[in-house]
Asks: 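This is the structure I want to talk about, given as structure tokens.
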Amino acid sequence: GEDVEQSLFLSVREGDSSVINCTYTDSSSTYLYWYKQEPGAGLQLLTYIFSNMDMKQDQRLTVLLNKKDKHLSLRIADTQTGDSAIYFCAESFGRATMNTGFQKLVFGTGTRLLVSP
Amino acid sequence: EAGVAQSPRYKIIEKRQSVAFWCNPISGHATLYWYQQILGQGPKLLIQFQNNGVVDDSQLPKDRFSAERLKGVDSTLKIQPAKLEDSAVYLCASSLPGDTDTQYFGPGTRLTVL
């Protein structure tokens with residue numbers, strides 16, 4: 001089945017690193033995503049990792065994937081107050097083609113990150 | 001490049017009333033999704049279109065929810081009649097089928113049913 005779990009809350013001080021964790025149950029997912037949601041806004045794509053990769057780095061963001069444990073993490077270096085938001089991990093199923101466009105995203109419950117000055 | 005547009009941003013109705021939401025995807029994106037996000041939860045897929053055809057509507061409560069994408073571009077999602085538990089943010093997303101199929105989200109419509 002498809003189930004994605006995240007811790008609900010994380011509080012850090014400005015300048016520290018933040019690590020947001022996610023576990024998933026279905027090993028057939030093709031991509032895993034991290035989205036950010038600020039109050040009153042839609043979801044903003046932060047980064048994604050292909051399921052055959054272990055790590056991906058994108059500026060202050062580092063994604064680690066442990067396929068054996070079905071564990072995904074997002075590390076934000078030098079966390080700023082503007083990083084305060086809810087972070088969702090999501091796993092995708094299916095593969096789009098020009099004809100089917102079939103890809104399903106299953107989201108976690110979200111982790112609220114609070115960055116204090 | 002303009003993002004996914006949605007309207008209205010907010011809607012308050014009484015139970016048993018009807019409501020409709022509109023979505024305009026990113027230009028050229030063939031795939032369009034509607035999600036329901038209840039407070040404190042992650043988004044849940046309601047329906048997915050590929051051009052003007054439905055790919056997946058297994059999670060759509062069809063007794064009260066309907067959606068269409070007649071010309072393969074804009075889409076509307078309707079609830080008739082609304083229930084208290086329909087209070088949520090309704091998110092529209094679009095994607096361009098390809099290797100990553102990344103979905104881009106609109107700002108959402110916050111529905112409150114009284």
Side-chain angles (χ1 to χ4, degrees), chain A residues 1-9 20 22-24 29-53 56 58 63 72 85-112, chain B residues 3-7 9-10 21 23-26 28-60 69 72 88-110:
Chain A
E2 307 148 358
D3 193 17
V4 180
E5 294 189 356
Q6 300 178 238
S7 52
L8 291 179
F9 189 74
I20 302 171
C22 171
T23 59
Y24 57 98
S29 56
T30 50
Y31 288 93
L32 295 127
Y33 297 84
W34 283 104
Y35 281 86
K36 175 183 179 183
Q37 187 175 39
E38 296 180 271
L43 276 70
Q44 172 196 351
L45 176 68
L46 287 178
T47 187
Y48 63 89
I49 188 167
F50 190 46
S51 56
N52 70 353
M53 296 171 62
K56 180 179 179 181
D58 185 0
V63 179
L72 181 74
I86 301 176
Y87 290 80
F88 291 93
C89 68
E91 54 176 341
S92 72
F93 302 88
R95 191 74 182 275
T97 67
M98 289 304 293
N99 294 322
T100 66
F102 178 70
Q103 184 224 40
K104 176 180 175 179
L105 281 184
V106 175
F107 286 85
T109 51
T111 299
R112 182 178 295 275
Chain B
V4 176
Q6 290 188 247
S7 68
R9 291 295 313 277
Y10 305 92
F21 313 125
C23 172
N24 179 240
I26 293 172
H29 281 198
T31 311
L32 185 147
Y33 312 78
W34 282 103
Y35 288 85
Q36 181 192 57
Q37 185 179 18
I38 293 173
L39 187 64
Q41 299 181 18
K44 183 184 80 172
L45 179 69
L46 291 175
I47 188 167
Q48 177 185 351
F49 292 93
Q50 174 72 3
N51 296 308
N52 59 352
V54 175
V55 173
D56 182 359
D57 64 356
S58 57
Q59 304 262 52
L60 188 73
R69 193 184 184 199
V89 176
Y90 290 85
L91 295 163
C92 179
S94 69
S95 69
L96 185 63
D99 284 343
T100 65
D101 313 328
T102 300
Q103 296 184 26
Y104 296 90
F105 285 78
T109 297
R110 182 176 296 277

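The sequence lines fix the lettering, A, B, ..., with proteins before strands; numbering per chain opens at 1. All values below were derived from every heavy atom in this structure, side-chain atoms included, with hydrogens, water molecules and symmetry-related copies excluded.
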Asks: Need one label for A:Leu45: side chain, backbone, both or neither, based on atoms under 4.5 Å from any heavy atom in chain B.
Replies: side chain
Asks: In chain order, what residues pass the side chain to side chain donor-acceptor pair (under 3.5 Å) check against B:Trp34, with sequence neighbours excluded?
Replies: B:Ser75
Asks: Sequence neighbours left out, what passes side chain to side chain donor-acceptor pair (under 3.5 Å) with B:Asn24? Give chain and number order.
Replies: B:Asp74
Asks: Side chains of A:Leu43 and B:Tyr35, heavy atoms from C-beta outward: is any pair under 4.5 Å?
Replies: no
Asks: Taking side chain as C-beta onward, heavy atoms only, is A:Tyr31 less than 4.5 Å from B:Thr102?
Replies: no
Asks: Please flag which part of A:Leu105 lies under 4.5 Å from any non-hydrogen atom of chain B: side chain, backbone, both or neither.
Replies: both
Asks: Is the number of heavy atoms from other residues, nucleotides or ligands within 6.0 Å of CD (B:Gln41) greater than 12?
Replies: yes
Asks: Would you indicate whether the side-chain heavy atoms of A:Tyr35 and B:Pro43 approach each other to under 4.5 Å?
Replies: no
Asks: Under 4.5 Å from any heavy atom of chain A, what part of B:Gln37 do you find: side chain, backbone, both or neither?
Replies: side chain
Asks: For B:Phe21, I'd like to know if atom CZ has over 12 heavy atoms of other residues, nucleotides or ligands within 6.0 Å.
Replies: yes
Asks: Side chain, backbone, both or neither: which part of A:Gln44 has an atom under 4.5 Å from a heavy atom of chain B?
Replies: neither
